[in-house]
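What follows is one structure encoded as structure tokens, with my remarks underneath.
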2 protein chains.
Amino acid sequence: MLAEDEEIGSGQGRTATPADVAEQIKSGIVSGRFAPGQRLIESDLTGDLKVGRSKIREAFRILAGEGLIEIVANRGALVRRHSREDLLSMGRAREVLEGLAARMAAETPLSDDQRGRLRDLQARMDAAEEANEIRTYDTLNQAYHRAIVEFAGNPYVAELIEKVRVPLLGLRLPNGFSAATLEQSNEGHRFITHAILAGAPEAAEAAMRAHVRSGNATTASLPDEVFR
Amino acid sequence: MLAEDEEIGSGQGRTATPADVAEQIKSGIVSGRFAPGQRLIESDLTGDLKVGRSKIREAFRILAGEGLIEIVANRGALVRRHSREDLLSMGRAREVLEGLAARMAAETPLSDDQRGRLRDLQARMDAAEEANEIRTYDTLNQAYHRAIVEFAGNPYVAELIEKVRVPLLGLRLPNGFSAATLEQSNEGHRFITHAILAGAPEAAEAAMRAHVRSGNATTASLPDEVFR
DNA sequence: ATGGTTCATATTGTCAACAAAATTCGGGAT
DNA sequence: ATCCCGAATTTTGTTGACAATATGAACCAT
């Protein structure tokens, strides 16, 4: 995982690298402090982050590569705005990529530790579903998907998924899951978990694709206020 | 050494932007003029391209985002080296992404013009196969895949595919296709073309996935000298 | 008011100089 | 010879100044 110094947060022990700066700006974007369409002024950022303009500039390039901002000539960086259609287009890519991850996870002979982690996550999601703890479930859900991608062992797939997943975090979801969608979501998880543990790639991919597709359908029916 | 700068693809008489610079360096990488693992020295590039170091630097960030180079702290930019395993990992992602593109192309009601283009490309590939014109077939093959992605109308899928396709161009293939693989490749194309024109998403995706998978198998069996 | 023009300001684009770090090279000891 | 150490050189990191462009305000004519 991450390592070394880093020193996240507001302070900085070592001098911040452009990657660090990018991370700071990124958190500002997903948290909504920087609104979509907003123009990011270099001189403002230098004041806030206490770094020179060239670092901000390189950080912009990094973020543009990740798709979080758009750089337009002589006008600088704009926080990228994603329409509902955009989210759905990404959703389709996410469907096949996460499907592939599930397939590869099922193809791989998992270690006992990995199998245990998967079972544990599933059990905790079941518990959260039972107790209707939406917030907890949401966190576990993310960890679950991340675990499967990790088990798939394909860094490129992981990177591509990250790219189409980040914009979702920017949505302002009042309560990510309703009781009904939560139950449906976890039903999908149980199928996927079973298929992966059984070493059934075909079934795992199909189940994951159906699961993500169902999530996309939910996204499609969200009210406009959610998209910002 | 290379000639002058100025007038790149979208050629305007203006001074080169960092994106233009990135394009120049990129062509140097895919052409093999810059070998994998090679360190790109900023001052060398400034001499060749006649631009300041800051532009080179931002170009590096762009290329790092596209996965062509790796930036390591205090050591600058290295041309990224892709092992056979890397290519195969990307190949799997490419399989599902191009499969999705084929599916979406089949879902979309294509215009007469689009249907014509597809048929034309297929006809010309058939002719090239007949005449065993490998070089021509290779060019048409690329145009064909590009057209399908275009027809799919999903810019995010297009972008992701581009990312896992570029490293393939860096391989030194003496003659991309042998007679046998060419025939197998075009057989796949005919299936895909038929499915898309028939508006059969399921079949189109399946055919494309099989097609890409078969190409990956070919990649897997290439001799080491091809990877550089 | 409305629309358009000019000028002042704000912001980005670029470069060149300097600082910090890494690499290379040579010398000396074993 | 081989290894290690340290200076000289190369290369990257960072800053600040200046130029080019865009933005916004004030002004004028209708």
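In what follows, every chain begins at residue 1, and chains take the letters A, B, ... in the order their sequences are listed. Predicted model only: the values in this text are computed from it and were never measured.
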Between atom [atom1] in [X] and atom [atom2] in [N], what is the gap in whole Å?
| X | N | atom1 | atom2 | answer |
| --- | --- | --- | --- | --- |
| R61(A) | dT12(C) | CZ | P | 13 Å |
| E42(B) | dC15(C) | CD | C1' | 14 Å |
| L78(A) | dT23(D) | CG | C1' | 14 Å |
| D44(B) | dT23(C) | CG | C1' | 15 Å |
| I41(A) | dT21(D) | CD1 | C1' | 14 Å |
| I71(A) | dT21(D) | CD1 | P | 19 Å |
| K55(B) | dT12(D) | NZ | P | 19 Å |
| F60(B) | dT14(D) | CZ | P | 15 Å |

field: Sidechain N-carboxylate O distance under 4.0 Å for R209(A), E98(A)
entry: no

message: Does this structure show an ion pair linking R117(B) with D113(B), if we count only N-O contacts that are shorter than 4.0 Å?
response: no

message: I want to confirm an ordering. Mapping E58(A) and N74(A) to their closest nucleotides on DNA chain D, which one lands closer to the 5' end?
response: E58(A)

Residue [X], side-chain heavy atoms: nucleotide from [options] that is nearest:
| X | options | value |
| --- | --- | --- |
| T15(A) | dT12(C), dT14(C), dT14(D) | dT14(D) |
| R39(A) | dC15(C), dT23(D), dT11(D) | dT23(D) |
| S43(A) | dT14(C), dT11(C), dA22(C) | dT11(C) |
| R75(B) | dA22(C), dC15(C), dT14(D) | dA22(C) |

query: Taking the side chain as C-beta and beyond, is there a heavy-atom pair between L118(A) and I196(A) under 4.5 Å?
result: yes

task: May I ask you to say what L40(A) touches in the nucleic acid, namely base, sugar-phosphate or nothing, with a heavy-atom cut-off under 4.0 Å?
output: sugar-phosphate

- prompt: When we call it a touch if two heavy atoms are under 4.0 Å apart, what does I56(A) touch: a base, just sugar-phosphate, or nothing?
  reply: nothing

task: Assess whether atom CD of E85(A) is packed by more than 12 heavy atoms of other residues, nucleotides or ligands within 6.0 Å.
output: no

field: Aromatic ring proximity H189(B)/Y144(B), centre distance under 6.0 Å
entry: yes

- request: Output yes when at least one side-chain N/O atom of R53(A) is less than 4.0 Å from OP1 or OP2 of dA17(D), else no.
  value: no

